[in-house]
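Proteins get letters first, then strands, A, B, ... in listed order; numbering begins at 1 in each.
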Amino acid sequence: MSGGVDSLVAAHLLQRQGHDLVGIHFTTGFESQAVDLSSIEDQLDIKIHQLDLSAEFEQRVVDYFVETYARGRTPNPCVVCNRTIKFGVLAQRAKALGAVKIATGHYADTRAGSDGRIALVKGTDGVKDQSYFLAMLTQEQLKQALFPLGRMTKDQVREIARKNRLLPVEAKESQDICFIKGPEFPGFVASRLSKPPSPGNIVLADGTVVGRHRGLHCYTIGQRRGLNSPGPEPYYVKTIDMENNLLVVGGKQALYTTEVAVGDLNWITPPLTSSLKVTTKIRYSHKGAASTLNIENDGTTLVFDAPQLAVTPGQTAVFYRDREVLGAGIIQ
RNA sequence: UGGGGCGUCGUCAAGCGGUAAGACACAGGAUUUUGAUUCCUGCAUUCGGAGGUUCGAAUCCUCCCGCCCCAG
């Protein structure tokens with residue numbers, strides 16, 4: 001429980017359904033100030049345990065985050081946090097407290113399949129749907145998961161809170177990277193890199209120098225802002241060349257990709273073996289693109305029906321069939 | 001120190017006597033459980049400088065300064 005409306009309403013709904021609840025609020029060590037959850041405890045009349053998961057968070061999420069940037073890729077901390085922290089360490093601790101299920105305020109839904117498997121499906125609220133961030137969960141994790149908000153919209157959630165006089169302690173939506181403030185970002189990553197990043201040239205594909213970068217860890221594929229490189233058209237980051245310490249940029253048309261390799265596959269449905277037509281989300285807030293997943297012994301490739309903008313290594317590609325999440329992989 | 005060309009926002013660039021377009025960059029905001037994208041807003045009382053002509057100049061004239069090219 002973060003203290004926000006979502007987890008608050010989720011708990012309330014479970015309570016109404018007759019569940020016996022134990023609240024858990026975990027901290028990462030990066031909170032700017034402690035959240036006082038006593039009013040939530042009073043409102044729901046439950047006990048909320050505070051769990052300090054900073055050591056685990058540091059190791060599983062922050063290290064991963066920094067190492068990914070060190071390799072010139074763009075991490076997906078929320079996906080990793082869900083798999084390793086919320087439905088990993090946190091779930092284990094919850095079990096120790098006697099919990100048989102773990103519920104969160106995610107806008108996603110699960111359904112029991114005929115074969116005993118759990119299907120992960122998009123939340124009803126098309127805009128808030130967070131199934132993307134849960135696509136790296138395993139069947140084991142999904143079996144314990146409850147998503148009370150899966151079939152409601154954000155507006156309905158707010159309405160429930162209002163009608164039941166539930167007052168969240170945290171007004172703000174959780175968004176952005178939860179453990180770093182924007183301006184501190186470059187320094188945060190740089191301070192944790194074994195080899196300090198050095199500035200270098202920003203170049204076009206033909207080698208023309210158009211500006212200077214502040215260290216390659218500051219950029220991600222598809223990024224436009226912050227390049228400080230005026231030109232005849234907006235430039236976007238096309239390639240992060242770690243080997244030559246170059247940031248290759250180009251016009252928007254240079255960012256489209258039709259085929260990409262994916263690795264570290266996680267299947268929520270039974271693993272597929274040949275090729276399959278799927279709708280793939282390249283990043284959160286991506287509408288999803290018609291594509292074909294080709295699974296072969298030497299690797300898996302994803303081919304889009306239409307070229308996609310800024311396919312970014314390190315990001316999670318989530319495969320959908322209609323509303324169901326089939327699985328996910330990491331863009332290489 | 002002969003000849004020619006040019007100097008307008010951080011960058012590129014309109015304007016050619018009637019009171020400073022636009023693009024890129026940048027800043028702020030909206031959106032977003034990924035520093036992305038996208039969207040909105042802002043951004044030269046001033047045109048290398050100093051004089052002059054004119055009701056009125058970035059636009060015409062003079063001088064100066066600074067670049068560039070060709071001849072040295």
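Nucleotides B:U1 and B:G17, compared at atom C1', are 33 Å apart to the nearest Å. B:G49 and B:A58 have their C1' atoms separated by 14 Å, given to the nearest Å. For the C1' atom pair drawn from B:C16 and B:C60, the interatomic distance equals 10 Å after rounding to whole Å. Taking atom P in both B:A20 and B:A25, the straight-line distance is 27 Å, to the nearest Å. Across B:G48 and B:C9, the matching C1' atoms stand 14 Å from one another, rounded to whole Å. B:C26 and B:G7 have their C1' atoms separated by 24 Å, with the value rounded to a whole Å. B:G29 and B:A36 have their P atoms separated by 13 Å, given to the nearest Å. Comparing B:G51 with B:G56, their P atoms are spaced 16 Å from each other, to the whole Å.
The pair A:Asp125-A:Lys154 does not count as a salt bridge, with every side-chain nitrogen at least 4.0 angstrom from each carboxylate oxygen. Under a 4.0 Å N-O distance rule, the pair A:Glu67/A:Arg192 does not qualify as a salt bridge. Salt bridge A:Asp129/A:Arg323: absent, no basic N to carboxylate O contact under 4.0 Å.
How far CG of A:Leu120 is from CE of A:Met136: 12.5 Å, rounded to the nearest 0.5 Å.
Side-chain contact check for A:Leu247 versus A:Val203: every heavy-atom pair is 4.5 Å or farther apart.
For the pair A:Gly105 and A:Ile221, both in contact range of RNA chain B, the more 5′-proximal nearest nucleotide belongs to A:Gly105. Residue A:Pro234 is the one, among A:Pro234 and A:Asn82, whose nearest nucleotide of RNA chain B lies closer to the 5' end (criterion: closest heavy atom).
A side-chain N or O of A:Thr280 and one of A:Ser291 form a donor-acceptor pair less than 3.5 Å apart.
The hydrophobic clustering, which links ILVMFWY residues whose side-chain heavy atoms are closer than 4.5 Å, places A:Leu255 and A:Leu246 apart.
Residue A:Cys81 is out of contact with every strand shown, counting any heavy-atom pair closer than 4.0 Å. Using a 4.0 Å heavy-atom cutoff across all strands shown, A:Tyr69 reaches at least one base atom of the nucleic acid. At a threshold of 4.0 angstrom between heavy atoms, the contacts of A:Tyr132 include nucleobase atoms, whether or not backbone atoms are also involved. Residue A:Pro75 is in base contact, counting any heavy-atom pair closer than 4.0 Å across all strands shown. Counting any heavy atom pair closer than 4.0 Å across all strands shown, A:Gly211 reaches no nucleic acid atom. Within 4.0 Å of A:Asn76, counting heavy atoms only, lies at least one base atom of the nucleic acid. A:His286 comes within contact range of no nucleotide atom at all, as no heavy-atom separation falls under 4.0 Å.
Listed pair A:Tyr235 / B:C24 fails the phosphate criterion, with no side-chain N or O lying under 4.0 Å from OP1 or OP2.
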Give each protein N/O atom lying under 3.5 Å from an N/O atom of nucleotides 37-44 of chain B, with the pair distance.
{"from": "B:U37", "atom 1": "OP1", "to": "A:Arg224", "atom 2": "N", "distance (Å)": "2.8"}
{"from": "B:U37", "atom 1": "OP1", "to": "A:Arg225", "atom 2": "N", "distance (Å)": "2.7"}
{"from": "B:U38", "atom 1": "OP1", "to": "A:Tyr236", "atom 2": "OH", "distance (Å)": "2.4"}

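Distance, A:Arg73 CZ to B:A36 P: 19 Å, rounded to whole Å. Between A:Tyr107 atom OH and B:U32 atom C1' there is a gap of 14 Å when expressed in whole angstrom units. In this structure, the CZ atom of A:Arg283 is 10 Å from the P atom of B:A36, given to the nearest Å. Atoms CZ (A:Phe57) and P (B:U33) sit 17 Å apart, rounded to a whole Å. Rounded to an integer number of Å, the gap from A:Tyr284 OH to B:U34 C1' is 11 Å. Rounded to whole angstrom, the span from the CE atom of A:Met136 across to the C1' atom of B:U33 amounts to 17 Å. Atoms CG (A:Leu247) and P (B:A36) sit 15 Å apart, rounded to a whole Å.
Remark: of the listed residues A:Ile48, A:Leu51, A:Ile102, A:Leu53, A:Leu51 is the sole one forming a side-chain contact (heavy atoms from CB on, under 4.5 Å) with A:Ile24.
Considering only the side chain of A:Pro230, B:U11 comes nearest among B:U34, B:A36, B:U11.
Every residue two or more places apart in sequence or in another chain that forms a side chain to side chain contact (heavy atoms under 4.5 Å, CB included) with A:Glu296 is listed here: A:Asn294, A:Asp298.
A:Tyr69 contributes no side-chain N or O that, together with a main-chain N or O of A:Leu216, makes up a donor-acceptor pair within less than 3.5 Å. A:His217 places a side-chain N or O within donor-acceptor distance of the main-chain N or O of A:Pro186, the cut-off being under 3.5 Å.
Counting only Watson-Crick or G-U wobble pairs whose defining distances are both under 3.5 Å, the stems of 3 or more consecutive pairs in RNA chain B are B:2-7 with B:65-70, B:10-12 with B:22-24, B:26-30 with B:38-42, B:48-52 with B:60-64.
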